[in-house]
S.K.: 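Let me give you the structure first, and then I'll get to my questions.
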Amino acid sequence: MKQPLLYGIVISSFLLFSCSKEEISNNITESGDFNVITLESVKLNDFSSDTSSRASYTQDAATVFEQDDKLGLILLDAKDNRIDHISYSYISAENRWNLDDQTKYYSSKIKKIIAYFPYNSSLSTEINTVDKLKNTISISTDQSDQDTFKSCDLLVEEINSPSQKLTVNLGHAFSLIEFQSEPMTLQANNKSYEYNVELQNVKMVIGETDYQLCNINGTYSLLVKDGFTVPADDFRYFYSLGDDSYVKTLTTAKTTESGKKYVFPCKVKDGYKPEYAAGDFYCTDNENENVVIVPRVATTIPEGLTCKGIVFHVMDANEWGTFTSNNDLTADNLSGYDGNHGLVISIANGNPFGTMTVDYLKSSVFNNILEIAGNLTTFTGYKLTQTLKNFTESAEFKFSALDNFKESIQNTTSWYVPSFYELSLIYDDIDYLNSQISNKIEGGVTIDAKMPTVSFDSDDNALDGFIVIENGNNVWAGIPGENIRPISAF
């Protein structure tokens, strides 16, 4: 099952199965038409808000089903005796649920159904009520691992007077406790953007018991049984942001109810603004395309902005001077952002280099700048990329790596292929950069462990050509077939 997301989804299913009476061997059938129980739709109702909560919550955690997830039905008669226990598997390509055992048929003897997720094949035959089903789930105090957290999230519905075609509305059997920052405001270009920050070292303590929380898109969550008491006198929660640490308590005890969420706000000091650093989100305003850099601690990209890339290196004045000098640039159209300069990696891949040979690059394209192209210790990606872009196309040469990166971003260089040195800076923080992309940017593509650079070896050996980095090492040269990953400077 996938990581919790923002909204539950509707899963539709249409399945009809018939056979002759002679083929029936299952104990829940009777004379008449013999059809399997079909799931017309499976809906997931999210946690409802606790009206006495001290903060509103807008980033609900819900479940998205994925291939081969299993849902169970407990079939009961009029006296709540177990008739059968059947399972369905989710087929994601067809967006439907399929009955695993096609010999299980609907019967009018079925007077009640308990639908639940995830399916438990070893469920005791004594389980015939929702409460008994809930008692089969053991909730851990350490839910920091998302798989552990999800295993505690029992979804259930009791269906009275069921029919052969079912609409299932699953609800959360337990309660959800959440900790999240209050919205921060980012001012840029005379506009305001709200975002929540990802807190650090979040922990909940009751008496001597520490509860380890699950981080879901910057919201820290804990599932507890309904009827769980959060006491006023012995409850504390901790969190930090930057250099500041906080501890909070509760003024009035709370007792949780099934299917409800209880949100505890985590206020931080007014005016919190981290320095620009690797991991910041390089965005543009959807209205006028002005650049806005969103702090790396944001849990999501604020509404009204589109993320173009992730900052992976911030330059000091000396580095910026070296960068502009190496790449024949001036500061006329590159005044920086809020007085800062840096490098940005795109959230998407480009193409392979295109049509060319090593010999042609050495003799014609890079022939006057081979020494610059072979320098592995500085910023040269922009200059070398411009050389490729500006060279006349022919049957022997076509540069197509950036064909899908024609856009112009204000106060930013065009996208270019990184040099060996620039790509090395990316690999220094690749795990962190990939976590920013995969967890916070919808549709973002993580950075491959093997990528080409525009740096060029011309020492007349077997490794002549564009230098490729794999797992941080120079491993290959030639005309690589891998996609490049564009970067830009501001």
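One-based numbering along the sequence shown. Both backbone and side-chain heavy atoms feed into the values below; hydrogens, waters and symmetry mates do not.
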S.K.: Contact between His85 and Leu75 at the side-chain level, heavy atoms closer than 4.5 Å - yes or no?
M.R.: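 When only atoms from C-beta onward are counted, Leu75 and His85 do not touch, as no gap falls below 4.5 Å.
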
S.K.: Nearest 0.5 Å, please: how far is CD1 in Ile301 from SG in Cys307?
M.R.: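 One finds 4.5 Å between SG of Cys307 and CD1 of Ile301.
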
S.K.: Between Val291 and Gln410, what is the shortest heavy-atom contact and its length?
M.R.: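 Shortest heavy-atom separation between Val291 and Gln410 comes out as CG2-O, 3.4 Å.
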
S.K.: Quick one: do Val202 and Phe238 satisfy side chain to side chain contact (heavy atoms under 4.5 Å, CB included)? Show the steps, please.
M.R.: CA-CA 5 Å; Val202 183; Phe238 305 81; over 6 Å; no

S.K.: Please assess Phe174 against Phe228 for the test ring-ring contact (aromatic ring centres under 6.0 Å, His included), listing each intermediate value before the final yes or no.
M.R.: CA-CA 10 Å; Phe174 302 127; Phe228 181 88; over 10 Å; no

S.K.: I want to check something: taking the side chain as every heavy atom from C-beta on, are Thr209 and Met204 in contact at a cut-off of under 4.5 Å?
M.R.: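 A side-chain contact under 4.5 Å is absent here.
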
S.K.: May I ask you to test the Ser92-Glu66 pair for a side-chain heavy-atom distance under 4.5 Å?
M.R.: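 No, side chains not in contact.
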
S.K.: Please determine, by modelled atom types, if Asn340 and Glu275 share a side-chain donor-acceptor pair under 3.5 angstrom.
M.R.: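 No pair is found: no donor N or O on one side chain lies under 3.5 Å from an acceptor on the other.
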
S.K.: Is there side-chain contact between Leu433 and Ile447, with at least one heavy-atom pair below 4.5 Å?
M.R.: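 They are in side-chain contact.
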
S.K.: For Lys269 and Asp243: C-alpha separation, side-chain torsions, deciding distance, then whether salt bridge (charged side-chain N to carboxylate O under 4.0 Å, His left out) applies.
M.R.: CA-CA 11 Å; Lys269 289 181 179 178; Asp243 295 329; over 6 Å; no

S.K.: Taking only Lys NZ, Arg NE, NH1 and NH2, and the carboxylate oxygens of Asp or Glu, determine whether Asp100 and Lys70 approach each other closer than 4.0 Å.
M.R.: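 Salt bridge between Asp100 and Lys70, a charged N being under 4.0 Å from a carboxylate O: yes.
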
S.K.: Verify the distance criterion only: is there a donor paired with an acceptor across the side chains of Thr256 and Asp226 at less than 3.5 Å?
M.R.: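 Asp226 and Thr256 do not have a side-chain donor-acceptor pair below 3.5 Å.
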
S.K.: Enter the distance from Tyr220:OH to Leu213:CG here, rounded to the nearest 0.5 Å.
M.R.: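 Answer for the OH-CG pair, Tyr220 versus Leu213, is 8.5 Å.
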
S.K.: Does Asp145 reach the main-chain N or O of Asp147 with its side chain, forming a donor-acceptor pair under 3.5 Å?
M.R.: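 Yes.
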
S.K.: Measure from the side-chain N and O atoms of Asp429 to the backbone N and O of Tyr432, and report whether any donor-acceptor pair falls under 3.5 Å.
M.R.: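 Not confirmed, Asp429 side chain does not pair with Tyr432 backbone.
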
S.K.: On the six-membered ring of Tyr282, is Lys308 placed so that its NZ or CZ lies under 6.0 angstrom from the centre and within 45° of the ring axis?
M.R.: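 Lys308 over Tyr282 ring: no.
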
S.K.: Grab the two heavy atoms, one from Leu39 and one from Val168, that are nearest each other, plus how far apart they are.
M.R.: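 Closest approach of Leu39 to Val168, heavy atoms only: CD2-CG2, 4.1 Å.
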
S.K.: If you round to the nearest 0.5 Å, how far is CD1 of Ile310 from SG of Cys283?
M.R.: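 Here the rounded value is 8.0 Å.
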
S.K.: On a heavy-atom basis, which atom in Ser414 and which in Ser488 lie closest, and how many Å separate them?
M.R.: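 Between these two residues, the closest heavy atoms are O-CB, 3.9 Å.
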
S.K.: Are the aromatic rings of Tyr239 and Tyr246 close, with centres under 6.0 Å apart?
M.R.: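 Centroid separation for Tyr239 and Tyr246: below 6.0 Å.
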
S.K.: Just say parallel, tilted or perpendicular for the rings of Phe353 and Phe466, cut-offs at 30° and 60°.
M.R.: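 If you compare the ring of Phe353 with that of Phe466, the planes turn out parallel.
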
S.K.: Using only atom types and a distance under 3.5 Å, with no angle test, would you say the side chain of Thr167 pairs donor to acceptor with the backbone of Glu40?
M.R.: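 Absent.
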
S.K.: Would you compute the distance between atom NZ of Lys261 and atom CD1 of Ile177 and round it to the nearest 0.5 angstrom?
M.R.: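 Answer rounded to 0.5 Å: 13.5 Å.
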
S.K.: Go through the steps for Asn128 and Arg82 under the test side-chain hydrogen bond (donor to acceptor under 3.5 Å, both in side chains), then give the verdict.
M.R.: CA-CA 6 Å; Asn128 62 351; Arg82 169 89 71 87; over 6 Å; no

S.K.: Counting C-beta onward and ignoring hydrogens, is there a side-chain heavy-atom pair between Leu71 and Val42 closer than 4.5 Å?
M.R.: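 Sidechains of Val42 and Leu71: in contact.
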
S.K.: Compare every heavy atom of Thr249 with every heavy atom of Arg236, then report the nearest pair and how far apart it is.
M.R.: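 That closest heavy-atom pairing would be CG-CG2, 4.1 Å.
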
S.K.: For the residue pair Leu123 and Tyr116, establish whether any side-chain heavy-atom pair is separated by less than 4.5 Å.
M.R.: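 Yes, side chains in contact.
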
S.K.: Are the side chain of Asp280 and the backbone of Val311 linked by a donor-acceptor contact shorter than 3.5 Å?
M.R.: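 No, because the side chain of Asp280 does not come within donor-acceptor range (under 3.5 Å) of the backbone of Val311.
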
S.K.: How about Phe65 and Phe117: are their ring centroids closer than 6.0 Å?
M.R.: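 Distance test on ring centres: under 6.0 Å, yes.
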
S.K.: Does any donor atom in the side chain of Thr103 or Asp101 lie under 3.5 Å from an acceptor atom in the other side chain?
M.R.: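 Side chains of Thr103 and Asp101: pair found under 3.5 Å.
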
S.K.: Nearest 0.5 Å please: distance from the OH atom of Tyr106 over to the CG atom of Asn35.
M.R.: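 It is 10.5 Å, given to the nearest 0.5 Å.
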
S.K.: Using side-chain heavy atoms (C-beta onward) and a distance below 4.5 Å, is Met184 in contact with Glu194?
M.R.: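 When only atoms from C-beta onward are counted, Glu194 and Met184 do not touch, as no gap falls below 4.5 Å.
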
S.K.: Could you check whether any side-chain N or O of Asp69 sits under 3.5 Å from a backbone N or O of Tyr90, counting only pairs where one atom can act as donor and the other as acceptor?
M.R.: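 No, because the side chain of Asp69 does not come within donor-acceptor range (under 3.5 Å) of the backbone of Tyr90.
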
S.K.: Using the salt bridge (Lys or Arg N to Asp or Glu O under 4.0 Å) definition, which of the options Lys111, Lys112, Lys132 pairs with Asp80?
M.R.: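 Option passing the salt bridge (Lys or Arg N to Asp or Glu O under 4.0 Å) with Asp80: Lys112.
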
S.K.: Using 0.5 Å steps for rounding, measure from the SG atom of Cys214 to the CD atom of Gln143.
M.R.: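 If I round to the nearest 0.5 Å, the distance is 7.5 Å.
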
S.K.: Check the side chains of His313 and Glu422 for a donor-acceptor pair under 3.5 angstrom, ignoring hydrogens and angles.
M.R.: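 Side chains of Glu422 and His313: no pair found under 3.5 Å.
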
S.K.: Ile206 and Thr229: which non-hydrogen atoms are nearest, and at how many Å?
M.R.: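 So the two residues come closest at CD1-O, 4.3 Å.
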
S.K.: Can a donor-acceptor pair be found, under 3.5 Å and without considering hydrogens, that links the side chain of Asn411 to the backbone of Gly336?
M.R.: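 Yes, because the side chain of Asn411 sits within donor-acceptor range (under 3.5 Å) of the backbone of Gly336.
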
S.K.: In terms of side-chain heavy atoms, does Tyr211 have a donor or acceptor partner in Asp142 at a distance below 3.5 Å?
M.R.: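 The answer is no; no qualifying pair exists.
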
S.K.: Would you name the heavy atoms of Ala348 and Pro486 that are closest together and state the gap between them?
M.R.: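 What the structure gives for the nearest pair is O-CD, 3.6 Å.
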
S.K.: Applying salt bridge (charged side-chain N to carboxylate O under 4.0 Å, His left out) to Lys150 and Asp153, what does each step give before you reach the verdict?
M.R.: CA-CA 5 Å; Lys150 288 182 287 186; Asp153 191 12; over 6 Å; no

S.K.: Check for a donor-acceptor pair, side chain of Arg485 on one end and backbone N or O of Gly350 on the other, with a separation under 3.5 Å.
M.R.: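 Between the backbone of Gly350 and the side chain of Arg485 there is no qualifying donor-acceptor contact (under 3.5 Å).
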
S.K.: Checking Ser144 against Gln212: is there a side-chain donor and acceptor pair closer than 3.5 Å?
M.R.: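 Note: Gln212 and Ser144 side chains miss the donor-acceptor criterion.
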
S.K.: Counting distance only, does the side-chain N/O of Glu157 pair as donor-acceptor with the main-chain N or O of Asn169 below 3.5 Å?
M.R.: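 Indeed, once roles are kept as given, a pair shorter than 3.5 Å links the two residues.
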
S.K.: Any ring pair (Phe, Tyr, Trp, His ring centres under 6.0 Å) pairs touching residues 177-204, not counting sequence neighbours?
M.R.: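 Every pair satisfying ring pair (Phe, Tyr, Trp, His ring centres under 6.0 Å) with a residue in residues 177-204: Phe179-Tyr237, Phe179-Phe264.
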
S.K.: So Val268 and Leu199, do their side chains get closer than 4.5 Å, heavy atoms only?
M.R.: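 A side-chain contact under 4.5 Å exists here.
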
S.K.: Kindly indicate, with the supporting measurements, whether the criterion side chain to side chain contact (heavy atoms under 4.5 Å, CB included) is fulfilled by Ile114 and Leu133.
M.R.: CA-CA 9 Å; Ile114 298 174; Leu133 180 63; 4.0 Å; yes

S.K.: With no hydrogens and no angle check, do the side chains of Asn98 and Ser89 hold a donor and an acceptor under 3.5 Å apart?
M.R.: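 No pair is found: no donor N or O on one side chain lies under 3.5 Å from an acceptor on the other.
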
S.K.: Is a donor on one side and an acceptor on the other found under 3.5 Å between the side chain of Glu289 and the backbone of Glu287?
M.R.: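 Here the side-chain-to-backbone pair does not exist.
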
S.K.: Under 3.5 Å, is there a donor-acceptor pair between the side chain of Ser175 and the main chain of Glu257?
M.R.: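 Yes: the side chain of Ser175 pairs with the backbone of Glu257.
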
